[in-house]
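Worth saying up front: this structure is predicted, and the values here are computed from it rather than measured. Side chains included, hydrogens not; waters and symmetry mates left out as well; all remaining heavy atoms used. Residue numbers run from 1 in the order of the sequence given.
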Amino acid sequence: NRVALSALTRGRCLEGVAAAVAAYKPGLHLFEDEAVGLCMHLRRVPLLTCSCFYDWGPCDIRQPSSCRADTNKTQICRLPLSVHKLKQVSWYDGWWSFIDGRE
């Protein structure tokens, strides 16, 4: 939401997190998810759970149709917010077409 995004971008939180990690252990790699999560925690933004967030997808990521959308056995909400595992263009294109038809 807008408040959470504003809290993340206000100031130099990400730079501060990166500097603290570098000072603690030079050369340590910090993934962007960890950096954003730490910034949100430091800004006191509460962690949310929502059935429309999918970290690894609710069904076969390569086959959006496997989600049984628009049936009473569906495994996804109408407009998913995130499917983190979309690492290949063909997977992304399939989900884009799937979601675009729902808007």
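In this structure, the side chains of Leu38 and Val21 stay at 4.5 Å or more apart for every pair of heavy atoms.
Leu28 and Val17 end up in the same hydrophobic cluster when Ile, Leu, Val, Met, Phe, Trp and Tyr side chains are linked at under 4.5 Å.
Tyr24 meets the ring-ring contact (aromatic ring centres under 6.0 Å, His included) test with no other residue; sequence neighbours excluded.
Separation of atoms CD (Glu34) and NE2 (His29) is listed at 7.5 Å; rounding is to 0.5 Å.
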What pairs of donor and acceptor atoms, side-chain ones from residues 9-16 against any protein atom, are under 3.5 angstrom apart with sequence neighbours left out?
{"unit_1": "Thr9", "atom_1": "OG1", "unit_2": "Leu5", "atom_2": "O", "d": "3.0"}
{"unit_1": "Thr9", "atom_1": "OG1", "unit_2": "Ser6", "atom_2": "O", "d": "3.4"}
{"unit_1": "Arg10", "atom_1": "NH1", "unit_2": "Ser6", "atom_2": "OG", "d": "3.4"}

